[in-house]
Amino acid sequence: MSHVEKPTNGAGYVEGQPLETTLTNGQPGFPVYHRKFGNPAPLGLFSFASTTLILSLYNVSARGITAPNVVVGMAIGVGGLCQLLAGMWEFATGNTFGATAFSSYGGFWLSFALIFWPSSGILAAYEGKPDELASALGIYLITWFVFTFIMFLATHKASVMLSSVFFFLFITFILLAAGEFTGKAIIHKAGGGFGIVTAMLAYYVGAAGLYTAETSYINLPTFSLARSQ
């Protein structure tokens, strides 16, 4: 039997309707070819910034607040879920750094929320053992310091503003860990202060990605660190 070459429609796939018709025939269940992905980075950055800002304000005892439990809902829905979704979408766009960062910090916020979720039993396991709880939290935070420092080293060809986010974030983690290990409230509050700076920088970088020429007259510079070839 002879092989018959099937004609293509000029849009890169065999037979079927032309691309223009596929997009406009009123049948959204059909696949859309050459689909363009949006930029998930502003969602991830705003989710991270908002959750970090709330917890950091609690860490500096803003308005006398010392218990961080109200941030649990925010950590699950925004810092956790929204960031995790942004990370998965970054994988689809081919951005390994963004995917790793957003997915990991989404996981961080989900795990943080579980620690303070009463039904998880995590805090209950340390009842009557405050020193052991502080040490456990310190190790938890040190681990995230290590991860954040690794991510910081991966920003040196990105931009000054993005690199600054990770620089202040790893300082935040090391200070919060030191506060747990030493039990000194002033160190813990210093970590909260650095966390507020981190959140503000993340808001800026997120806004820089959101304010495009198509949507805004505002152009926020991020000061690229990439070397010209």
Tell me, please, which residues at least two apart from Tyr204 pass side chain to side chain donor-acceptor pair (under 3.5 Å).
none
Can you find a pair of side-chain heavy atoms, one from Leu123 and one from Trp117, that are under 4.5 Å apart?
no
Distance (rounded to the nearest 0.5 Å) between Thr51 OG1 and Leu53 CG
9.5 Å
pair Val160-Ser164: side-chain heavy atoms closer than 4.5 Å:
yes
Could you label the plane-to-plane angle of the Phe108 and Phe173 rings as parallel, tilted or perpendicular, counting under 30° as parallel and over 60° as perpendicular?
perpendicular
Using atom types as modelled and distance alone, determine if a side-chain donor or acceptor of Thr93 lies under 3.5 Å from a backbone N or O of Glu90.
yes
Tell me, please, which residues at least two apart from Phe97 pass ring pair (Phe, Tyr, Trp, His ring centres under 6.0 Å).
Phe166
Mind jotting down which residue pairs meet the salt bridge (charged side-chain N to carboxylate O under 4.0 Å, His left out) criterion with at least one end in residues 179-206? Sequence neighbours excluded, please.
none
Per the salt bridge (charged side-chain N to carboxylate O under 4.0 Å, His left out) rule, what does the pair list look like for residues 163-172, sequence neighbours excluded?
none
Do Phe147 and Tyr105 have their ring centres less than 6.0 Å from each other?
yes
Any side-chain heavy-atom pair of Thr198 and Phe48 under 4.5 Å:
yes
Under the 4.5 Å side-chain heavy-atom rule for ILVMFWY, direct or indirect, which residues accompany Trp89?
Leu43, Leu81, Leu85
Would you mind listing every salt bridge (charged side-chain N to carboxylate O under 4.0 Å, His left out) that reaches into residues 125-142, with sequence neighbours excluded?
Lys129-Glu132
With distance as the sole test, does Thr155 use its side chain to make a donor-acceptor pair with the main-chain N or O of Ala158 at under 3.5 Å?
no
